[in-house]
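Here's the structure we're looking at; comments come further down.
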Amino acid sequence: MTRAVASLLGRRIPRSFFLRPTAIVARDLLGKILFHDSPAGPAAGIVVETEAYLRDDPASHSFRGPTARNASMFGTPGRAYVYLVYGMHHCFNAVTAPAGIGEAVLLRALEPVEGLDLMRIRRGRDSDRDLCNGPGKLVQALGIGRAHDGVDLTRGAVGFHEPKVSTSLRGRVVRDLRVGITSGAELPLRFYLRGNPFVSRR
DNA sequence: AAACGGATGGGCT
DNA sequence: GCCCATCCGTTTG
């Protein structure tokens, strides 16, 4: 681990964190750091926007039961669920709930804090704000792909950490409707940090 | 500033 | 065939 990264990351988020109600996990991931120690170099960002996807939730991939595609969503909590959407982008989720129950948290936006040059190359964009302000964008910026579907986020190259210097999020957490879905659109399961310029929409 | 459409592929009815 | 948990360049107001 590089010197810069060591000064950034606190303790790794353990599996017990993900074994709590999914909306709570989605809320509590705000302010944590998503890190990928990739072969090309480290990249990381502060989580600023998430969405919860529940069982018996018509917007959730798990709604119609387990399939080959969504298998990891029904697997061990604290692992990744990565899938291809719109034929060209990937989305990254942290699996929650006990095995057999298909729930997860979609990561929608990060505030880039490490590996910004690498992110710019991967994204083909220069502006800091355009690196991780969307679910497809952050996945591309971090170098995450289909190969990461099912990986354990509590150990290994991809995972969540406490920030070394933590700031209070009191009064900054907003809860409202999810983005880009049709059914289940009335459920308030999106969480983001008020006023943060790296959130995917204002 | 908002609205729109094209790209692109896999999963499911 | 149709429907996407999206992104981006272009057009329109």
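Just so it is clear, the values below take in all heavy atoms, side chains as well, and ignore hydrogens, waters and symmetry mates. Naming convention: chains lettered A, B, ... in sequence-line order (proteins, then strands); numbering from 1 in each chain.
Note: CG (A:D126) to C1' (C:dC8) measures 17 Å, nearest angstrom. One can place CZ of A:R69 at 8 Å from C1' of C:dC4, the figure rounded to the nearest angstrom. Rounded to a whole Å, the CZ atom of A:R129 is 14 Å from the P atom of C:dC8. Rounded to an integer number of Å, the gap from CZ of A:R64 to C1' of C:dC3 is 10 Å. Here the C1' atom of nucleotide C:dA5 and the CG atom of A:L54 are 13 Å apart, to the nearest Å. At whole-Å resolution of the value, NZ in A:K137 and P in C:dT6 are 11 Å apart. For the pair A:I181 CD1 and C:dC3 C1', the interatomic distance rounds to 14 Å; values are reported in whole Å. Rounded to whole angstrom, the span from the CE atom of A:M73 across to the P atom of B:dG11 amounts to 16 Å.
Contact of A:Y83 with C:dA5 (side chain to base): a donor-acceptor pair of N or O atoms is detected under 3.5 Å.
Base pairing of C:dC7: its partner is B:dG6, meeting the Watson-Crick or G-U wobble criterion (both donor-acceptor distances under 3.5 Å).
Judged by the 6.0 Å and 45° rule, A:R20 forms a cation-pi pair with A:F17.
In terms of position on DNA chain C, the residue among A:R123 and A:G87 whose nearest nucleotide sits closer to the 5' end is A:G87.
Taking a cutoff of 4.0 Å between a charged side-chain nitrogen and a carboxylate oxygen, A:R79 and A:D149 do not qualify as a salt bridge. Of the charged side-chain nitrogens involved, at least one lies within less than 4.0 Å of a carboxylate oxygen, so that A:D57 and A:R178 count as a salt-bridged pair.
Remark: A:T67 is in phosphate contact with B:dC12, judged by side-chain N or O atoms under 4.0 Å from OP1 or OP2. Side-chain N/O atoms of A:R125 include one lying less than 4.0 angstrom from OP1 or OP2 on C:dG9. Close to B:dG10, at under 4.0 Å from its OP1 or OP2, lies no side-chain N or O of A:R146. Taking side-chain N and O atoms only, A:T182 has a distance below 4.0 Å to OP1 or OP2 of C:dC4.
Residue contacts for A:L106: at a heavy-atom cut-off of 4.0 Å it reaches a base atom on one of the strands shown. If you check every strand for non-hydrogen atoms under 4.0 Å, A:R178 touches nothing.
Taking the six-membered ring where the residue is Trp, the centroids of A:H36 and A:H148 are separated by under 6.0 Å. Checked against a 6.0 Å centroid threshold, the rings of A:H61 and A:Y53 do not count as neighbours.
Which of B:dG10, C:dT6, C:dA5 sits closest to the side chain of A:H89 comes down to C:dT6.
Both geometric conditions, a ring-centre gap below 5.5 Å and a plane tilt below 30°, are not fulfilled together for A:Y86 over the base of B:dG9.
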